[in-house]
Amino acid sequence: SSALFGLSQIKKMALENSLLLSNLKSASPTLLDNDISSISIAFDTEGSYQSVFQFLQAISKALPIMNITKLELTQQSEVLRASITLNVYTAPLPKVIPSLTTAVNDLTPQEMQLISEFEGFSGPNFVELSPQVNEGKEDLFVN
């Protein structure tokens with residue numbers, strides 16, 4: 001689900017901006033046009049004024065595509081608290097993948113512009129777990 005990637009991005013961006021996250025909630029997916037789904041995520045964050053606004057700007061350049069649907073800001077002394085609701089979007093994978101040996105030559109100017117826009121986006125971190133060395137007992141029946 002794209003909600004997991006969205007939550008991962010939110011946590012990563014909050015950590016990068018030294019923000020506290022709380023009240024993370026996710027809703028069920030909603031089917032939109034053209035098989036695109038939207039999942040709502042709500043959360044609260046607090047930190048310095050500058051950190052919160054850098055975080056909000058980073059959301060617009062994160063993958064999966066997300067947009068803020070609700071934002072409430074309150075400030076107490078030097079701490080800014082933001083209650084945020086955003087939508088994370090996803091689409092099904094293609095049913096047919098073109099041959100890897102054939103060059104793609106016929107991209108439209110709009111597709112080329114879209115590719116160049118997405119180059120500036122930050123994707124979620126994928127962690128690759130390495131196999132663990134067998135550190136257990138060789139004979140399970142010996143104390």
Side-chain angles (χ1 to χ4, degrees), residues 1-140:
S1 170
S2 63
L4 295 175
F5 294 116
L7 288 169
S8 171
Q9 287 285 71
I10 290 165
K11 289 179 180 181
K12 180 180 101 175
M13 291 183 296
L15 182 64
E16 289 171 350
N17 289 291
S18 303
L19 298 175
L20 295 173
L21 282 178
S22 60
N23 302 324
L24 279 162
K25 299 174 194 162
S26 174
S28 298
T30 303
L31 188 61
L32 306 173
D33 295 335
N34 300 326
D35 290 332
I36 295 174
S37 295
S38 168
I39 299 172
S40 178
I41 299 174
F43 57 95
D44 296 329
T45 186
E46 58 184 52
S48 70
Y49 181 86
Q50 182 178 3
S51 295
V52 171
F53 280 96
Q54 286 175 344
F55 173 80
L56 293 172
Q57 286 178 325
I59 288 173
S60 68
K61 292 290 186 181
L63 294 175
I65 296 174
M66 299 182 265
N67 74 314
I68 298 172
T69 58
K70 183 179 175 185
L71 174 63
E72 294 178 12
L73 299 171
T74 54
Q75 187 167 3
Q76 295 178 345
S77 65
E78 307 239 346
V79 175
L80 184 64
R81 181 179 178 91
S83 295
I84 302 167
T85 303
L86 53 82
N87 285 337
V88 180
Y89 298 94
T90 187
L93 294 173
K95 292 180 178 25
V96 177
I97 298 175
S99 172
L100 295 176
T101 58
T102 318
V104 177
N105 297 326
D106 54 349
L107 292 177
T108 66
Q110 294 86 3
E111 291 170 332
M112 292 300 293
Q113 180 182 359
L114 191 60
I115 288 172
S116 65
E117 284 180 33
F118 280 123
E119 286 177 345
F121 280 53
S122 67
N125 290 337
F126 295 99
V127 178
E128 206 172 296
L129 299 175
S130 58
Q132 294 181 352
V133 178
N134 188 2
E135 296 177 3
K137 294 182 179 180
E138 288 187 29
D139 188 352
L140 297 176

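The residues of the chain are indexed from 1 along the displayed sequence. All values reported here derive from a predicted model rather than from experimental measurement.
Atoms CD1 and CD, on I115 and E111 in that order, are 7.0 Å from each other to the nearest 0.5 Å. Put simply, OG1 on T69 and CG on L86 are 6.5 Å apart, with the number rounded to the nearest 0.5 Å. Here OG of S2 is found 4.0 Å from CD1 of I39. Values are rounded to the nearest 0.5 Å. In this structure, CZ on F53 lies 10.5 Å from OG on S48, to the nearest 0.5 angstrom. L20 CG to N17 CG: the interatomic distance, rounded to the nearest 0.5 Å, is 12.0 Å. The line from OG1 of T30 to CD1 of I36 is 13.0 Å long, rounded to the nearest 0.5 Å.
Taking 4.5 Å as the limit, every side-chain heavy atom of N67 sits out of range of all side-chain heavy atoms of I65. The shortest side-chain heavy-atom distance between L56 and L71 falls under the 4.5 Å cut-off.
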Side chains of residues 3-13: which donor-acceptor pairs under 3.5 Å do they make with residues two or more places apart or in other chains?
from	atom 1	to	atom 2	distance (Å)
Q9	OE1	K12	NZ	3.4
Q9	NE2	L63	O	2.9
Q9	NE2	S122	O	2.7
K12	NZ	G123	O	3.3

Result block: side-chain N/O donor-acceptor pairs under 3.5 angstrom for residues 74-84, not counting sequence neighbours:
from	atom 1	to	atom 2	distance (Å)
Q75	NE2	S77	O	3.2
R81	NH1	E46	OE1	2.9
R81	NH2	D44	OD2	3.0
S83	OG	D44	OD1	2.8

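Of all the heavy atoms in S38 and L32, the pair that sits closest is CB-CD1, 3.6 Å. G47 and L19 make their closest contact through CA-CD2, 3.6 Å (heavy atoms, listed as atom of the first residue, atom of the second, distance).
Remark: the backbone N or O of T90 is not paired with any side-chain donor or acceptor of S37 at under 3.5 angstrom.
Among residues at least two apart or in separate chains, ring-ring contact (aromatic ring centres under 6.0 Å, His included) pairs with a member in residues 62-120 are F118-F121.
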